[in-house]
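Contents: one structure, followed by commentary.
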Amino acid sequence: MKKICIKGTGCYIPERIVPNSYFEATVDTSEEWIVSRTGIKERRMVLPGQALSDMATPASKRALEMAGLSPLDLDLIIVGTSTADMASPSAGCMIQHKLGAKNAVAFDVNAACPGFIFGLAVARKFMQDGSHRQVLVIGAEIISHRTDFQDRNTCVLFGDGAGAVVLGLAAREKDGELLSTEIYSDGDLWKLLHVPGGGSMNPISHEMIDQRLHYVKMKGNEVFKHAVRSMIEAAQKALEGSGLTKDQIDWFIPHQANIRIMEAVAKQMDIPVEKVIKTVHKYGNTSAATIPTALDEAVRSGQIKRGHLVLAASFGAGFTSGGVLFRF
Ligand code: ACO
């Protein structure tokens, strides 16, 4: 079995800051409600005209720079997203074009929030069979385009962002290792969190837009319960089989949807809160981007160092869930 490692990380966070006070002025909510129920103080959103690839391309360049590789070295690009630049082609092809990564095959994985972990799992298979050696995995999302700014139940939760990692084959003893990836789907529960309009079931029409079907619909409190249970299961599965225990984990990166979900998962898994990486207070829920952006920030701030053992878990629309364990 080939040893696969993370050679570089990168992220792009939009400049536009949207504080909770914005929503106090537009819907029936309060700073106190948002912070106490979600832990979110502000989030970032793209400017008009900025597309997904405009965030994912600089994030990828930073990851390549850390890895010491050029775009031409890549042989595979996988993008975890449900908000590509266009309905077609894929975000992967747009990013390949903008990077000039002519030697890479590129495609998207639509698995909502765990899209980045799904991307890692797919990349791992391609690398284990020896067919691909240098792989860019991206988690990126512009959820603000799918957010109903009249719906207080959802509009306060989301933000935009992009994160990326470059995977390669470990050559030296001190290189890290992608130890396990576990991914799951439960389509029976799709109605609890979905975007009904714009696909083949409710194609684009004036009527569909008038009914606001192109926006996220979520039964928040039901999603909450499933999120906690599924993230724990995915994280535990990622640990099982690695021969490692949760006490050996240096850092835990849960999907940054809600501080209460993150703390409940860490508490039930008996992971000390000091080991939990948190960005939800400043970026909100950026869906597939939460884990790679949090990873990159923790690496660049010196929290996560080479040799550290990192566990990450995510949950989202589908339902989907995923866990990943790696030594950085
Ligand atoms: N401001 C003020 N009140 C609000 C707001 C708001 N922004 N939003 C909802 N409320 C109200 C509701 O209307 C409800 O009022 P009612 O009792 O009069 O009907 C009350 O607050 C309680 O609503 P709940 O939904 O029970 O509140 P809860 O404590 O569950 O918090 C939240 C809501 C934050 C959405 C929470 O359920 C949650 O985080 N759910 C999980 C979301 C999630 O994890 N998604 C992850 C996957 S999706 C993805 O990542 C893309």
Side-chain angles (χ1 to χ4, degrees), residues 18-43 45 52 80-83 109-118 139-163 184-186 189-196 215-234 253-266 278-281 283-294 312-323:
V18 181
N20 288 343
S21 55
Y22 171 86
F23 298 100
E24 286 183 317
T26 54
V27 291
D28 181 13
T29 191
S30 66
E31 169 86 24
E32 194 281 321
W33 192 96
I34 301 171
V35 173
S36 64
R37 297 297 182 104
T38 71
I40 300 167
K41 294 183 176 152
E42 58 188 36
R43 69 290 290 143
M45 291 183 195
L52 189 94
T81 192
S82 43
T83 52
V109 173
N110 181 341
C113 306
F116 174 70
I117 296 180
F118 273 58
E141 215 83 75
I142 301 186
I143 294 288
S144 61
H145 291 169
R146 299 282 164 81
T147 301
D148 185 346
F149 286 91
Q150 295 179 10
D151 177 10
R152 70 173 184 174
N153 292 292
T154 54
C155 69
V156 301
L157 303 173
F158 299 109
D160 306 329
Y184 304 94
S185 303
D186 184 355
L189 298 171
W190 68 271
K191 276 191 184 164
L192 296 180
L193 175 54
H194 65 300
V195 179
Y215 292 131
V216 172
K217 313 288 176 200
M218 179 169 74
K219 297 238 180 317
N221 46 10
E222 290 184 55
V223 173
F224 191 114
K225 284 178 256 166
H226 288 285
V228 173
R229 185 179 46 75
S230 301
M231 278 170 61
I232 291 172
E233 280 172 10
I253 313 179
H255 174 45
Q256 315 275 316
N258 180 322
I259 194 71
R260 293 187 294 140
I261 295 176
M262 294 160 59
E263 287 175 352
V265 171
K278 296 176 197 140
T279 60
V280 69
H281 57 289
Y283 302 145
N285 179 352
T286 59
S287 184
T290 69
I291 290 174
T293 51
S314 186
F315 172 84
F319 284 153
T320 51
S321 58

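One-based numbering, in listed order, for ligands and for the atoms of each.
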> Who pairs with F315 by ring pair (Phe, Tyr, Trp, His ring centres under 6.0 Å), at least two apart in sequence or on another chain?
Replying inline: F319
> Looking at residues at least two apart in the chain, or sitting in another chain, which of them share a ring pair (Phe, Tyr, Trp, His ring centres under 6.0 Å) with W33?
Replying inline: none
> Do T83 and E141 get their side chains close enough for a donor-acceptor pair, meaning under 3.5 Å?
Replying inline: yes
>> Could you walk me through whether T290 and Y283 satisfy the side chain to side chain contact (heavy atoms under 4.5 Å, CB included) test, starting with their C-alpha distance in whole Å, then the side-chain angles of each, then the deciding distance to 0.1 Å, before giving a yes or no?
In response: CA-CA 8 Å; T290 69; Y283 302 145; over 6 Å; no
> Can you list the residues that meet the side chain to side chain contact (heavy atoms under 4.5 Å, CB included) rule with V195, with sequence neighbours excluded?
Replying inline: R146, V216
>> Has R43 got a side-chain atom pairing as donor or acceptor with N285's backbone, closer than 3.5 angstrom?
In response: no
Are any protein N/O atoms closer than 3.5 Å to the N/O atoms of ligand 1? If there are, list each pair with names and the distance to one decimal place.
| unit_1 | atom_1 | unit_2 | atom_2 | d |
| --- | --- | --- | --- | --- |
| ligand 1 | 1 (N) | T29 | OG1 | 2.6 |
| ligand 1 | 3 (N) | W33 | NE1 | 3.4 |
| ligand 1 | 3 (N) | R152 | NH1 | 3.4 |
| ligand 1 | 7 (N) | T29 | OG1 | 3.1 |
| ligand 1 | 7 (N) | R152 | O | 2.9 |
| ligand 1 | 8 (N) | R152 | O | 3.4 |
| ligand 1 | 13 (O) | R152 | NH2 | 3.0 |
| ligand 1 | 26 (O) | N221 | ND2 | 3.4 |
| ligand 1 | 27 (O) | R37 | NH1 | 3.3 |
| ligand 1 | 29 (O) | R37 | NH1 | 2.7 |
| ligand 1 | 29 (O) | R260 | NH2 | 3.0 |
| ligand 1 | 31 (O) | R260 | NH2 | 3.4 |
| ligand 1 | 37 (O) | G220 | O | 3.1 |
| ligand 1 | 37 (O) | N221 | N | 3.4 |
| ligand 1 | 39 (O) | N258 | ND2 | 2.6 |
| ligand 1 | 40 (N) | G220 | O | 2.9 |
| ligand 1 | 50 (O) | H255 | NE2 | 2.8 |
| ligand 1 | 50 (O) | N285 | OD1 | 3.4 |
| ligand 1 | 50 (O) | N285 | ND2 | 2.6 |

